[in-house]
Structure formats: structure tokens, C-alpha cells
2 protein chains.
Amino acid sequence: MIDASDASLPPAAEPVVSVEAIQPDKTPRTERGKRTLRRLLDAAAAEFGERGYHEASISGITQRAGAALGTFYTYFDSKEQVFRALVDHMGRLTRQWIADRVAAAPDRITAERLGLEAFITFARSHKDLYRIVMEAQFVAEDAYRAYYRVFAEAYRRNLALAGSRGEIRPGADEERAWALIGMSVFLGLRYGIWDDSRPAAEVAAAVADLIAHGLTPAMGAAQTGPATGPKP
Amino acid sequence: MIDASDASLPPAAEPVVSVEAIQPDKTPRTERGKRTLRRLLDAAAAEFGERGYHEASISGITQRAGAALGTFYTYFDSKEQVFRALVDHMGRLTRQWIADRVAAAPDRITAERLGLEAFITFARSHKDLYRIVMEAQFVAEDAYRAYYRVFAEAYRRNLALAGSRGEIRPGADEERAWALIGMSVFLGLRYGIWDDSRPAAEVAAAVADLIAHGLTPAMGAAQTGPATGPKP
DNA sequence: GTGAAACCTGAGTCAATGTTCAAGTTTGTA
DNA sequence: TACAAACTTGAACATTGACTCAGGTTTCAC
């Protein structure tokens, strides 16, 4: 469900000359208008999510919303604009979802596991929006970059902070941030969108081990013997 | 540069009744034809890479190739078919590129670093094809999935083998494979496509440390003291 | 050299769909 | 209730671009 208030731009602190004088504001004024806008946003998310940006049509959106074609343009300037509104919406939704689920983590390593699990869970329960964000790379690249830049910067800060606290080894936090985001995105795709039969917690735990300890065998436990071969 | 032979489908071992009898084969027979096909493939890669699938036009491709519009359909059935041919081509090219650069690695951990570096380098030197593969998710999803399934399966096998050799800690190799691929893809995008000013080896080394040892501080060296604060 | 197959050409066809708009209906306020 | 603003409607417009095709040119085996 889309929050209708997201369609409007952030209020720009009392402009001297209202922009609406030139470009009429498309914010709904009545209750009916608000309901219609919400229906259109939900319909747009479904249409874009199912058919992709280019296959999606405005008439498909308005049909889903039970509105006439022209009504769309009462609330949006163009096909691309709704799409951008949805990408933007998704950004805030994702950050909130993950932040909520990571807040209680006692340390960074735990936070990584919970964050990963939250990401996969989120992808599963918002497949439409997830696809929209991914497609933004080709439809609204600036929005796409902005989406991940915000993520990466926050991630980098968290890693730096954890490093200074001794919770993790200090290191190249920017590269780490992008690497960890890439992990999440792909795992979200593979275990969230393509196949959601595996428990998210299980996948997250498996990968959290990789994030915590890497691939290197534990020192002193170096096994050179034959741990090989299938069980008979 | 595209290898023109990639445009044809894999030879299907002497069919009893040639398919060409029904659907005429579009393989070039003369030298001139081969040259034209190659020009068209290169042009298509450039057009799709620069403008994206939907913005790209057949006339754009033929113009780049210095051919007439109709010539395109002498060699391809549709816009989507060339696109798929390019995705397929990219798959083989990537695997070859990485395999070449990883072959000499003495162990899995080294292979990870070299593979990551190779991936970033590859993205940089084939930006067009890289973008085409990413967009395949929305244009030819089955081809996209196939592309990564092949990667992931090979990766999983390598990890399992390394695990049995004691080069790495045994673990959930499928999840690990997808996580590591996700890393590469995002790092390729961030440090290969968006900004290629950082030396690939540097980025790879930074992340290889994460892959090898994870985020956990070295045991016994747990630092609780103030390793914090900016240098004065 | 010759002729048939292969190849090239580009104007034209055709369907799809983003966007506009003038006319009608509903809402909310005074 | 009255009326202006807000909202709705869907036919019509305009553009775009994938794909076809009939006729001309080039290649190459013989």
C-alpha cells in the first residue's frame, strides 16, 4: 500500500512566489481526490511491477484503479513521474523497514545478519516495488543512483563507527559498504523474488557467517586431511 | 568487438528435417554477408549499450552499421533476438575473461581476489555489454536468469571443491556463491561503470580482505581502547 | 562469362500508446 | 441552496518505431 502523501514533493518552506501560479499543483484537495490518487498509486505499483516500465501502460494503470484515462493526468505529469515517485517511496520504505529491524542489534555483526534477513523479507513482501527500483537503473538512472548512494553512505558510516568501537576490523569502509549492499541486493533477488521457499533467516545466517568470518579456515584448525568425498 | 559466429545458434547435430525448410536460416553465406553481420552486431552492442533497449532503434543500429534498415532483417528476426544474442555472447566472454585471469591462482582466496579484479576490469572495458546484461533482467528475463545460474553453479562447485581441500571453511556454498556474485556485480557497477578512477586492483584487494577474513576483529587483538578520532 | 542465389535498399504499413481537452459531474463552503 | 472549484470522463490527436516487401545490385560456383 502506497502512502498517498508521498506523491507530492517535499514542502519547500514557503516560497515567495508559489510555483502553482505557473505549474498548477496536482495535489488533491478533496477526500475523493485523495482516494483516487491512492488508488492510482497502488495501481501504478502493480502495473509497473508486473509488466515492467515499458510494457506498462497508463490505460492499464487507470483500468486497475477503476478510473478514466484522463484522470491519471489530474494527478501526474507523465508516466515517468509516477515511476519516480514510486522509486522514491520505495527508498524511504526500505530504510525504515531495515532500520526498525536492526535497531535492537547489540553489535555490528548481529546488525549485518538482521539487516540481511530484513532485506530478504522486505523483497518478498514488496516484489512490485523491488522490481521497480531495479528497473529504475534504466528508466530513471539518477533516481537509482541516488537510492543506492544514500544507502551506501549510511552503511559506510555504520561500518566506520563500528570500526572505531572495535566491533569490527577497521578497513576500506566504502568498498565494504558497496560489496555488502551488492550481496543483499542479489540475495534479495535470488531468495526473495525468484524463489522464496527458503526461510529468510536461514539464508541470512549462512551468509552472515561469511560476513563475520570470511572464507579463511579457522587458524590452528587447518585441515589438510581428506575431508573430501561424498558420504557412503 | 563481437564474434560474428556467436549470432548463430549452437549446431543441433544433424536434424532429420532441416528447420531452414520452414524458417529460412539467416546465417550469411558470403564474405560480404559475414562482414555486414559483424558490423550489425557491433552497432547493436553500441546502440543498446548507449541508449538502452527501448530507446535503441533498429534504424539507429543500421545507421551505425552503415546499412539500410531492411538489411537488419536479413540477419535477425527481431529486435529482441539480437539483444538475446548479445546477452549470450557476453556470458561466454565474461566467463572466458575471468577464467583466464584466475587460472594461475594457487588457492581459492587468491582466486577470489583475482576474480574480483578481473570482473571490475572487464566491466570497465565492456561497458556496453555490461549494461546489456543488466537490462536483460527486464527485456529477456529467462536469458538473465540463465546467465547468472551458470555463474552461480560454477562458483558453487569451486567453493565446494576448495572446501573439501581445506582451502576455505566449509559452509553454505550456494548462498555464498550468490552473495559473492552480488558483490562483484555491484562493485563492477560502482567502480567499473559509474566511476572507474580507482585502480581495480585496489578495490579488489580491499574487498578480498573482507571475503577472506570477514568483519570480525582478529582474536586476541580485540581493541577496546580509543583507536578512534581523526588525526590531529 | 553467366546465371542463380545471396544480399541490399528504403519507402511504406500498421499497431500501440502517451498525452490533451472540452464537456459533464461531484464536492465543499458560504 | 448555490456556485465555484475540484474532479472525472473517454474520444481524438500525434508520434513513434518495429517490421515488410518488391525491386535492384553483388557475389561466386561452374
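Lettering follows sequence order; numbering is per chain, from 1.
With A:Tyr148 contributing its side chain and A:Trp178 its backbone, the two residues share no donor-acceptor pair below 3.5 Å. Checked by atom type and distance alone, the side chain of A:Arg39 never pairs as donor or acceptor with a backbone atom of A:Arg64 at under 3.5 Å. Side-chain N or O atoms of B:Glu112 include none that pairs as donor or acceptor with a backbone N or O of B:Ala208 at under 3.5 Å.
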Only distances under 3.5 Å count here; give the side-chain donor-acceptor pairs of residues 137-144 of chain A to other protein atoms, sequence neighbours excluded, each with its distance to 0.1 Å.
| unit_1 | atom_1 | unit_2 | atom_2 | d |
| --- | --- | --- | --- | --- |
| A:Glu141 | OE2 | A:Arg145 | NE | 3.2 |
| A:Glu141 | OE2 | A:Arg145 | NH2 | 3.2 |
| A:Glu141 | OE2 | B:Trp194 | NE1 | 3.4 |
| A:Asp142 | OD1 | A:Arg84 | NH1 | 3.0 |
| A:Asp142 | OD1 | A:Arg84 | NH2 | 3.1 |
| A:Asp142 | OD2 | A:Arg84 | NH1 | 3.2 |

What side-chain donor-acceptor pairs closer than 3.5 Å can you find for residues 114-121 of chain B, not counting sequence neighbours?
| unit_1 | atom_1 | unit_2 | atom_2 | d |
| --- | --- | --- | --- | --- |
| B:Thr121 | OG1 | B:Glu117 | O | 2.7 |

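Taking the charged nitrogens against the carboxylate oxygens, A:Arg157 and A:Glu153 do have a contact shorter than 4.0 Å, which makes a salt bridge. In this structure, B:Asp42 does not pair ionically with B:Arg38, as no charged nitrogen and carboxylate oxygen lie closer than 4.0 Å. For A:Glu174 and B:Arg190, the salt-bridge test passes: some basic side-chain N is under 4.0 Å from an acidic carboxylate O.
Rounded to a whole Å, the CG atom of A:Leu37 is 16 Å from the P atom of D:dA6. Atom CZ of B:Arg38 is separated from atom P of C:dC7 by 16 Å (rounded to the nearest Å). Distance B:Leu40 CG to C:dC7 P: 12 Å, rounded to the nearest Å. Across the protein-nucleic acid pair, A:Tyr75 atom OH and C:dG18 atom P stand 20 Å apart, rounded to whole Å. In this structure, NZ of B:Lys26 is placed 14 Å from C1' of C:dC8, rounded to the nearest angstrom. Following rounding to the nearest Å, B:Glu80 (CD) and D:dA18 (C1') show an atom-to-atom distance of 13 Å. Atom pair A:Lys79:NZ and D:dT15:P shows a separation of 19 Å (rounding to whole Å applied). The interatomic distance linking B:Lys34 (NZ) with D:dC28 (C1') rounds to 13 Å, in whole Å.
Residues A:Trp97 and A:His126 form a side-chain contact, since some pair of their non-hydrogen atoms from C-beta on lies under 4.5 Å apart.
B:Phe76 does not carry B:Lys26 over the face of its six-membered ring by the limits of under 6.0 Å from the centre and within 45° of the normal.
Contacts of residues 64-73 of chain B with DNA chain C (heavy atom under 4.0 Å): B:Ala67, B:Ala68, B:Leu69, B:Gly70, B:Thr71. Of the residues in residues 55-63 of chain B, B:Ala56, B:Ser57, B:Ile58 come within less than 4.0 Å of DNA chain D through at least one heavy atom, sorted by number.
At C:dC8, one or more side-chain N or O atoms of B:Thr36 fall inside 4.0 Å of OP1 or OP2 (strictly under the cut-off).
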Contact state string [nucleotides 25-30 of chain C, B base, S sugar-phosphate only, - no protein heavy atom under 4.0 Å]: -SSS--
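Partners of B:Phe151 under the ring-ring contact (aromatic ring centres under 6.0 Å, His included) rule, at least two apart in sequence or in another chain, are B:Tyr147.
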